Amino acid sequence: AAVASRRCRHTTAGVGPLVFVCGGLRGGNLLGDMFVSSEPPSEAGMSRAEAMAALSEVIDLQAPAWQRWLGDVGLLEEAAKLIKTLPPRPSPEDVTGGRAGGSGGGGRVGGGFGTPQGGSFSVSPGGSSDDGSPDNNIGAVEVSARLTTLSSAEAEAAHALADRHSVDIDSPPEAGTMSGKSSLRTPSPSGPRGGGLQAPNDSASAAKAPPSTIRLHHRAVVVASGSADGSAGLGSLVRQLSIDQFDNESKRIGNLGDLGTPAAMGGGPDRNMGTPNAGRRTHSIDFAPESVHRKVLNQLLHPRLWEPNADRRFMLSAAEIDQLCDLAEEKFQAEPTVLKLRAPIKIFGDLHGQFGDLMRLFAEYGSPSTAGDIAYIDYLFLGDYVDRGAFSLETISLLLALKVEHPDNVHLLRGNHEEADINALFGFRIECIERLGERAGIQAWTRYNTLFQWLPLAAVIEDSVACMHGGIGRSITHISQLEELERPLTMDTGGIILMDVLWSDPTESDRVEGLRPNARGPGLVTFGPDRVRNFCEVNGLQMIVRAHECVMDGFERFAQGLLITVFSATNYCGTANNAGAILVLGRDLTLYPKLIHPLPPSALYGSSSDRDGDGDDDMDSGPWNMSLNRDRPPTPPRGRGAPVNPGGISASTAAGSIGDSGGKRPLTYF
């Protein structure tokens, strides 16, 4: 019963002597399992006949499902006697209206529930709210010029990664073969593989995507930043803003038709949008100290109480990290490369070691604990857990501990920074050495990267929403291409498909179609809205959700809403001043954006961000690795980098060649 009821929520109703608990309602239809309970007649001070008379007022005693239930509770004999005294059942022509409060409640005049499972309920619509929204306070902040400065070190890292593993990322897109062990092809299986989506045998047979039931809600929940000094607390102000009011989010999408209107997104009232309770109790959860993952949960999973150690010493030893990775790796090995998930689910974008932002998102929008919401909603993280931020160890260790504790509810995908050649340069290796010591740090860093090779690459939610870190690039046309990749995955075994799913980006706007050069560097591509539409049609999908790019409003639509980018770290690298967001896909298959604004480091990390005691945040020793970020600038927020060459990619120049730059490779972002 505990397993069957894990997603029962929202709807608990007492009707006469019965209590109904179900998984929620959508359009009058019951979602998930439903449980019916009643007090025994003896405890209620009633005879069995009196109890049956009371039940007859609210249920249809002649319905087969209720007959089974009455047999289970030992009242079937009394029911049979009472049925003989009831008026005859009305014919279908006589039954009109709903079952609850209607004129023909499942065969019983005067109302009543027709069945305890799978029946229909008459639901009163929620109260309407004011359609007006407050002015948006997420302004477009000018990004420092250093964000647009290309980094030669990052360019070398990108190509060293490909060259080291014999992956020719400068080859033409859609080529038949690749150098090394990787080959580029579009598989055409005759049927579903491993429960996956079916690939058509030829392009002419590609079925159109079904009418969309996935929709983005027309409002976003926003947690404002409060006072400048953070004294107002993390939950100082919660608002709902129309997504049309965001300054940056909708700039690069084309004509949406009715997509952005309330009528196309479920109507005006926000019936299914729960605003967070800023005044909720603070829970301190203690897990039994049976293993290392419980130790991590005990010390780190405190969204409103966590503060970093003043001396920056990490809580786990190298041996304990090895044990944690062993436990988590066992869970990942049991999973497929492409996960099949169900709603409701929360989707997180890049975190990049900004552990304070992860704690804020847990505090404001629910945390994965028994005192939080893990019992009825899953968590999906899209990669890039490490690098750039100063708390990569806390971030990845907590997520791994959650995976061990809740293997069926917490899901982690791989990002491009979950790769040793990359995180050796952009902060994670340095953090491991500085916080654990050189020998232990190298040991821990190596073990984490061995585990990263087992992370899944994508997830498909409700057979409708594909989630991945980067995108579909030039090589991915069917989800089965990812399913066929065998883990553990290195760049050598993953080849161009792995590079595309981890590294590619959408083009700069819906107006730019096809394949274009990627500002991150040569050989990396951006893909247009036409490729997104084709991918969704071929795979029978309705949307792609991906991460990988900093977006100013925390989420951003592309391809007329067929693709959404989500980024969860605020003020990326201490310079972007972007909002962070998660996407919550509800049972009704509506996506709800939920945002947090940047806060001063002192509000997130306490005294650790002010090492010299002068009252100012110490950016070099606070939440970001600022010295590293200055030397190796991050990718600018989407839409704020250098303009992309308006020309398309030819078959011979996928993204430029070494010879075009005088023997030097063009520079690359990460």
Side-chain angles (χ1 to χ4, degrees), residues 285 287 291-303 306 308 314-316 320-335 339 341 345-363 365-369 372-374 377-419 423 427-428 431-432 444-445 447-457 459 467-469 547-548 566-569 580 582-583 623:
I285 309 303
F287 296 91
S291 64
V292 65
H293 84 278
R294 295 288 178 86
K295 176 180 178 180
V296 173
L297 295 174
N298 274 326
Q299 296 194 30
L300 294 182
L301 190 55
H302 301 291
W306 176 84
F314 189 53
M315 54 175 290
L316 298 181
E320 289 174 315
I321 289 173
D322 189 66
Q323 180 185 352
L324 176 64
C325 289
D326 286 344
L327 293 171
E329 190 172 289
E330 181 181 351
K331 306 300 182 183
F332 293 127
Q333 289 176 353
E335 295 180 331
L339 304 175
L341 305 179
I345 190 168
K346 298 179 187 178
I347 306 172
F348 291 70
D350 293 27
L351 292 168
H352 280 297
Q354 296 186 204
F355 191 72
D357 286 330
L358 180 61
M359 291 295 97
R360 285 185 68 197
L361 290 166
F362 284 173
Y365 300 124
S367 65
S369 67
D373 54 15
I374 193 65
I377 192 167
D378 282 8
Y379 284 69
L380 174 62
F381 299 86
L382 301 186
D384 276 12
Y385 314 112
V386 302
D387 283 345
R388 298 295 187 186
F391 297 95
S392 293
L393 282 169
E394 281 84 357
T395 303
I396 186 59
S397 297
L398 177 60
L399 295 181
L400 293 180
L402 288 169
K403 179 64 180 179
V404 175
E405 183 73 11
H406 308 286
D408 298 325
N409 311 109
V410 175
H411 315 282
L412 276 65
L413 303 185
R414 186 175 180 178
N416 64 303
H417 281 259
E418 278 71 65
E419 164 62 45
N423 60 51
F428 187 44
E431 180 182 338
C432 290
W445 173 76
R447 183 65 187 91
Y448 278 120
N449 278 287
T450 302
L451 174 139
F452 291 158
Q453 296 176 3
W454 284 98
L455 292 177
L457 297 181
C467 300
M468 61 197 72
H469 179 72
H548 193 43
V566 59
F567 198 84
S568 298
I582 63 173
L583 299 175

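This is a predicted model, so every value here is computed, not measured.
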I need the [X] [atom1] to [Y] [atom2] distance, nearest 0.5 Å.
X: R360; Y: Y365; atom1: CZ; atom2: OH; result: 8.5 Å
X: L351; Y: L399; atom1: CG; atom2: CG; result: 6.5 Å
X: L451; Y: E330; atom1: CG; atom2: CD; result: 12.0 Å

- prompt: For the residue pair W306 and F391, is the inter-centroid distance of their aromatic rings smaller than 6.0 Å?
  reply: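 Yes, ring centres under 6.0 Å apart.
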Hey, does [Y] have a side-chain heavy atom less than 4.5 Å from the side chain of [X]?
X: F362; Y: Y379; result: yes
X: N423; Y: W445; result: yes
X: F567; Y: H548; result: no
X: V566; Y: F348; result: no
X: L316; Y: K295; result: yes
X: R447; Y: Q323; result: no
X: S568; Y: L361; result: yes
X: Y448; Y: V386; result: no

When you measure from the side chain of [X] to the backbone N and O of [Y], does any donor-acceptor pair fall under 3.5 Å?
X: E418; Y: Y385; answer: yes
X: H469; Y: L382; answer: yes
X: S392; Y: D387; answer: yes

Could you walk me through whether E329 and K403 pass salt bridge (charged side-chain N to carboxylate O under 4.0 Å, His left out), step by step?
CA-CA 10 Å; E329 190 172 289; K403 179 64 180 179; over 6 Å; no
Evaluate L413 against F381 for side chain to side chain contact (heavy atoms under 4.5 Å, CB included), listing each step before the verdict. CA-CA 6 Å; L413 303 185; F381 299 86; over 6 Å; no
TODO: Before accepting this row, confirm whether a basic side-chain N of the pair K346/D373 lies closer than 4.0 Å to the acidic partner's carboxylate O.
DONE: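 Salt bridge between K346 and D373, a charged N being under 4.0 Å from a carboxylate O: yes.
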Query raised in the report: Looking at V296, T395, L412, which hits side chain to side chain contact (heavy atoms under 4.5 Å, CB included) with L400?
Result: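 That would be L412.
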Test L402 against every option in S367, S369, P407, P368 by the side chain to side chain contact (heavy atoms under 4.5 Å, CB included) rule and name the one that passes.
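Result for side chain to side chain contact (heavy atoms under 4.5 Å, CB included) with L402: P368.
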### Task
Give the C-alpha distance, both sets of side-chain angles, the deciding distance and a yes or no for side-chain hydrogen bond (donor to acceptor under 3.5 Å, both in side chains) between H352 and D384.
CA-CA 6 Å; H352 280 297; D384 276 12; 3.2 Å; yes
Just by distance, no angles: are the side chains of D378 and H411 close enough, under 3.5 Å, to form a donor-acceptor pair? yes
Heavy-atom pair of closest approach, residues A444 and I321: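 Distance-wise, the nearest heavy atoms are CB-CD1, 3.7 Å.
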* Step by step, work out the side chain to side chain contact (heavy atoms under 4.5 Å, CB included) result for F355 and L393. => CA-CA 9 Å; F355 191 72; L393 282 169; over 6 Å; no
Intermediate values then yes/no, side chain to side chain contact (heavy atoms under 4.5 Å, CB included), C467 and I347
CA-CA 9 Å; C467 300; I347 306 172; 4.1 Å; yes
Q) Residues two or more places apart in sequence or in another chain: which of them pass salt bridge (charged side-chain N to carboxylate O under 4.0 Å, His left out) with K331? A)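 K331 satisfies salt bridge (charged side-chain N to carboxylate O under 4.0 Å, His left out) with no other residue.
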Q | Derivation of the side chain to side chain contact (heavy atoms under 4.5 Å, CB included) call for L324 and S397 | A | CA-CA 8 Å; L324 176 64; S397 297; 4.1 Å; yes
